Protein chains: 2
Amino acid sequence: MELYFHSLLKGLNLKTTPRRIALLEILDDEQGYLSPEDVWMRMKRKFRSLGLPTVYRNLEELHEGNIISRVIHPDRKLYYYFCRNEEHHHHFVCVSCRRVEDLNFCAGREMEKLVVEGIRGRVLSHILQINGLCSECVLKEGAVSDE
Amino acid sequence: MELYFHSLLKGLNLKTTPRRIALLEILDDEQGYLSPEDVWMRMKRKFRSLGLPTVYRNLEELHEGNIISRVIHPDRKLYYYFCRNEEHHHHFVCVSCRRVEDLNFCAGREMEKLVVEGIRGRVLSHILQINGLCSECVLKEGAVSDE
DNA sequence: TTGCAAATGAAAATTGTTTCTATTTATTAC
DNA sequence: GTAATAAATAGAAACAATTTTCATTTGCAA
């Protein structure tokens with residue numbers, strides 16, 4: 001694995017540092033996506049004196065090199081995830097407990113068709129977020145509003 | 001028109017101030033969308049001492065009241081525009097010229113089913129936004145990246 | 001017209017992200 | 001292996017968009 005990461009980095013003319021390896025491992029282990037701060041917190045377990053700018057810089061370099069993907073969520077923050085040729089998916093966000101669950105669902109194909117045929121434009125990316133109550137919070141059924 | 005705006009504001013229990021009228025007029029005149037700062041600059045022509053927080057506050061209140069719509073551009077800034085379509089719908093946002101087009105498409109039903117049956121949760125709302133290039137910008141095909 | 005809650009301006013705070021700079025480190029040529 | 005050097009890093013500071021705070025002003029219901 002480390003060898004594979006090394007060759008990826010080499011391909012971008014980036015040096016293979018322990019931090020970059022760790023960052024790639026973290027993203028590779030995650031099935032969802034992570035904010036720079038999420039990545040930072042995970043990496044800090046290993047590198048006590050890691051700076052947040054280092055995380056931002058590396059995430060952005062790897063994104064530019066097409067090794068990881070970036071999404072911009074409606075919360076206006078950046079999120080990154082490892083590029084797998086796996087099914088693109090979206091997240092269900094519980095507005096009560098803030099848990100996030102993956103949804104193996106994407107309307108991308110339909111949207112693309114609609115945009116290409118209807119508007120005659122081109123789709124570059126899309127943002128989909130579903131807000132609701134997860135099973136536990138549905139039971140608790142507290143006075144939770146959608147915001 | 002002013003009367004119409006007055007009734008809209010009344011419906012939200014918001015007072016009819018000269019600033020709110022001007023703000024609504026500006027958004028109503030625009031066929032695309034505007035950033036809070038865009039709105040601020042246009043309003044300053046009329047109100048010399050207008051504060052930017054006032055613009056942010058009002059845009060957000062009107063958005064919450066469903067009088068104006070909000071989109072989040074890939075540049076991570078907020079943009080607002082006047083709601084003309086009553087149906088629930090989604091947005092196609094041209095990342096090049098900033099035009100917004102309504103898409104009469106919603107995958108809400110499928111998502112709902114998936115969430116209820118799969119996760120056993122409840123959907124409260126969803127946000128779907130498609131970023132891309134509109135027909136004109138596809139033709140121009142400039143060096144525009146999804147950024 | 002008056003009283004009061006709502007709206008506002010100005011300044012300051014916050015948040016997420018980026019830049020700067022001195023120091024450290026991975027790689028390359030020997 | 002080792003030295004030279006260009007890239008990578010930490011830490012501090014800068015930044016930009018947005019939000020909060022609070023004292024003052026204003027719309028509007030009584």
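Atom set for the values below is all heavy atoms of this structure, side chains included, hydrogens, waters and symmetry mates excluded. Note on naming: letters A, B, ... go to the chains in the order of the sequence lines (proteins, then strands), and numbering restarts at 1 for each one. Computed from a predicted model, the values in this text were never measured in an experiment.
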* To do: Figure out the CZ/C1' separation between B/Arg57 and D/dA17, and round it to whole Å.
  => 16 Å
* **A/Arg20/A/Glu61 ion pair, N-O < 4.0 Å** => yes
* **Electrostatic pair B/Lys77:B/Glu37 at N-O distance under 4.0 angstrom** => no
If you restrict it to nitrogen or oxygen atoms, what contacts under 3.5 Å exist between nucleotides 11-15 of chain C and the protein, and what is each distance?
none

* Asked: In whole angstrom, what separates A/Glu61's CD from C/dA26's P?
  -> 16 Å
* To do: Return the minimal non-hydrogen interatomic distance between B/Arg70 and B/Glu60, and the atom names on each side.
  => NH1-OE2, 3.1 Å
* Asked: C/dA7 P sits how many Å from B/Leu62 CG, rounded?
  -> 11 Å
* Asked: Once you round it to whole Å, what is the distance between P of C/dT17 and CG of A/Asp38?
  -> 11 Å
* **Length of the line joining A/Leu12:CG and D/dA7:P, which is rounded to integer Å** => 14 Å
Tabulate protein N/O versus nucleotide N/O from nucleotides 27-30 of chain C, keeping only pairs under 3.5 Å, one per line.
unit_1	atom_1	unit_2	atom_2	d
C/dT27	OP1	A/Thr16	N	3.0

* Structure fact -> Rounded to the nearest 0.5 Å, the CG atom of A/Leu9 sits from the CD1 atom of A/Ile67 at a distance of 6.0 Å
* Asked: In Å and rounded to the nearest 0.5 Å, what is the CG to CG distance from B/Asp29 to B/Leu24?
  -> 11.0 Å
* Asked: How long is the span from the CG atom in A/Asp38 to the CZ atom in A/Arg42, to the nearest 0.5 Å?
  -> 5.5 Å
* To do: When you get a sec, tell me which of C/dA7, C/dT17, D/dT21 is the closest nucleotide to the side chain of A/Leu52?
  => C/dT17
* Show the numbers, then the answer: is there a side-chain contact (heavy atoms from CB on, under 4.5 Å) between B/Thr16 and B/Lys10? => CA-CA 8 Å; B/Thr16 302; B/Lys10 190 133 204 173; 5.9 Å; no
* Relative to the 5' end of DNA chain D, which residue comes earlier, B/Tyr79 or A/Pro18, by the nucleotide with the nearest heavy atom? -> A/Pro18
* What nucleotide, of C/dT17, C/dG9, D/dT18, holds the atom closest to the side chain of B/Tyr56? -> D/dT18
* Could you tell me how the ring of B/Tyr81 sits relative to the ring of B/Tyr33: parallel (under 30°), tilted (30 to 60°) or perpendicular (over 60°)? => tilted
* **Distance, rounded to the nearest Å, where B/Lys46 contributes NZ and C/dG9 contributes P** => 14 Å
* Which part of the nucleic acid does B/Arg20 contact within heavy-atom distance under 4.0 Å: base, sugar-phosphate only, or nothing? -> sugar-phosphate
* **Candidates C/dG9, C/dA7, D/dA17 - which lies nearest the side chain of B/Ser49** => C/dG9
* Atom pair CZ/CG of B/Phe5 and B/Asp28 - distance to nearest 0.5 Å -> 4.5 Å
* **Axis deviation across the helix from C/dT1-D/dA30 to C/dC30-D/dG1, five-pair ends, to the nearest 10°** => 40°
* Asked: With a 4.5 Å heavy-atom cut-off, do B/Leu23 and B/Leu62 have their side chains touching?
  -> yes
* **From CG (A/Leu59) to CG (A/Leu27), nearest 0.5 Å** => 6.0 Å
* Asked: Rounded to the nearest Å, what distance is computed from the CG atom of residue A/Leu50 to the C1' atom of nucleotide D/dT9?
  -> 9 Å
* When the distance from CG of A/Asn58 to P of C/dA26 is rounded to whole Å, what number comes out? -> 13 Å
* **Whether A/Trp40 side chain and A/Thr54 backbone form a donor-acceptor pair below 3.5 Å** => no
